Amino acid sequence: MSDETLSALRGQIDNLNFKILELYNERARVALQIAQRKKELGYPGYDPVREGEMIERLLAANKGPFDDLSIGRLFKELFKNTLELMESHQSQALLSSRRVHPQDTIFNLNGAPLGGANFTILAGPCSLETPQQIEEVAAFLAQRGLKIMRGGAFKPRTSPYSFQGLGLEGLKLFHQIAKRYHLAVLSEIDDPRTVEEAYPYLDMFQIGARNMYNYPLLREVGRQDKPILLKRHFAATLEEFLLSAEYLLQAGARQIVLCERGIRTFERWTRNTLDLSAVPLLQRQSHLPVVVDISHAVGRRDLLLPLARAARAVGAQGLMLELHPQPQFARSDSQQQLDLQAGAQLLENLKEYGPLS
Ligand code: PEP
Ligand code: MN
């Protein structure tokens, strides 16, 4: 079937398509230049007022045959696509991004490698409670060749009437005992004013989930030179999580580990919902190591083994696990802490997949 008029008109349509394509991309390149200039000037990226004005001017100039509704729809779609392009360029320019730093961040803490193909265990009690409790867990970890011990001295509790932790004295005690067992000390700091006094007693700073949005704390902890474990807030998107990491990076920190610890959903049979897809998504976007805290994710002992296996299978670079010599008497999170025997079984089980560090 051929008709000369039809072929000529189709030829015109093809030419117009290519012109639109060219203009569409040309417009995007100009929009990216605008975004860059706005960034230099410290202006916000998205400007809804200007967007509204552009639509108004376009509608005033519209001579048809398309009506205002379709022209409005078309340009809104075009603006949306441009905004997405600008945002994706911005996120690729972040210090946490693989675009900026293609290689995995790998570092060594007290002989334990963090990042890359390693699977590193960060275990210990929820709260530091007594010298004996700290000692028993420290001995357990050291016997198994593990190098890092966690334990909370400053406890961010939901109720102000719950046990708030032993504070700086607890941290000093932790440090003293951990050093006897050649273990690195990992503990949460929740106040920028405490960073300096806690610094000598810590080997790795933990930023807890609740403090992921505490930007003054992120800036202060990011300025010191020890590694940092940053936990995801239970209502944070992955984008917000990486932007919190960006505060640490911007302040100068480089040895940062991201920790997925479950997010809040409608499900009540677990304390939170473990977002396993966060692991490969974060690893795709960022060069920083990603570990999974199974204890706070589910809040119950009986699910820890399958979730530890799942974390390993999905490619996490380590695991956080709460251990207590007598979980039934723990002053916080007693439902989720494993006793040392169950902890030993879980760690043995995980060795099936390869060595633990
Ligand atoms: C913790 O790891 O001690 C803790 C309180 O966890 P999160 O900040 O994830 O709630
Ligand atoms: Mn806990």
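If you're wondering where the values come from, they're calculated on a predicted model, not measured in any experiment. Order of listing sets the numbers, starting from 1, for every ligand and every atom in it.
- Atoms of ligand 1 found under 4.0 Å from any heavy atom of Gln206 (numbered from 1 in listed order, with element): 1 (C), 2 (O), 3 (O).
- Of the protein's non-hydrogen atoms, Lys231 NZ, 2.9 Å is the one closest to atom 6 (O) of ligand 1.
- Judged by the 6.0 Å and 45° rule, Arg219 forms no cation-pi pair with Tyr247.
- Using a 4.0 Å cut-off to heavy atoms of Gly208, the atoms of ligand 1 that qualify are 8 (O).
- Here the N, O or S atom of Glu322 that is nearest to the Mn ion (ligand 2) is OE2.
- Between Lys155 and ligand 1, at least one N/O pair is under 3.5 Å apart.
- Note that Arg261 lies outside the cation-pi zone of Phe234, set by a 6.0 Å cut-off to the ring centre and a 45° limit from the axis.
- Within the 4.0 Å heavy-atom cutoff, Arg232 does not count among the residues contacting ligand 1.
- Here the heavy atom of the protein found nearest to atom 3 (O) of ligand 1 is Arg150 NH2, 2.9 Å.
- For ligand 1, the polar-atom distance check finds no N/O of Glu322 at less than 3.5 Å from any of the ligand's N/O atoms.
- Annotation: atom 9 (O) of ligand 1 to nearest protein heavy atom, Arg261 NE, 2.6 Å.
- With Glu322 contributing its side chain and Ser127 its backbone, the two residues share no donor-acceptor pair below 3.5 Å.
- Across Ile228, Val292, Leu242, Val279, a single residue satisfies side chain to side chain contact (heavy atoms under 4.5 Å, CB included) together with Leu258, and that is Leu242.
- Per residue His296, closest N, O or S atom to the Mn ion (ligand 2): atom name NE2.
- For the residue pair Asp68/Asn62, the side-chain donor-acceptor check at 3.5 Å is satisfied.
- Restricting Asp333 to its N, O or S atoms, the one at the least distance from the Mn ion (ligand 2) is OD2.
- Under the 6.0 Å cut-off for aromatic ring centres, Phe241 and His233 do not qualify, their centroids lying 6.0 Å or more apart.
- Closest to atom 4 (C) of ligand 1 among all protein heavy atoms lies His296 NE2, 3.5 Å.
- Salt bridge annotation for Glu53-Arg50: absent, with no cationic side-chain nitrogen under 4.0 angstrom from a carboxylate oxygen.
- Protein heavy atom nearest atom 8 (O) of ligand 1, with residue, atom name and distance: Ala209 N, 2.7 Å.
- For the pair Ser244 (side chain) and Met212 (backbone), a donor-acceptor distance under 3.5 Å is present.
- Annotation: cation-pi pair Lys226/Tyr199 present, NZ/CZ under 6.0 Å from the ring centroid and within 45° of its normal.
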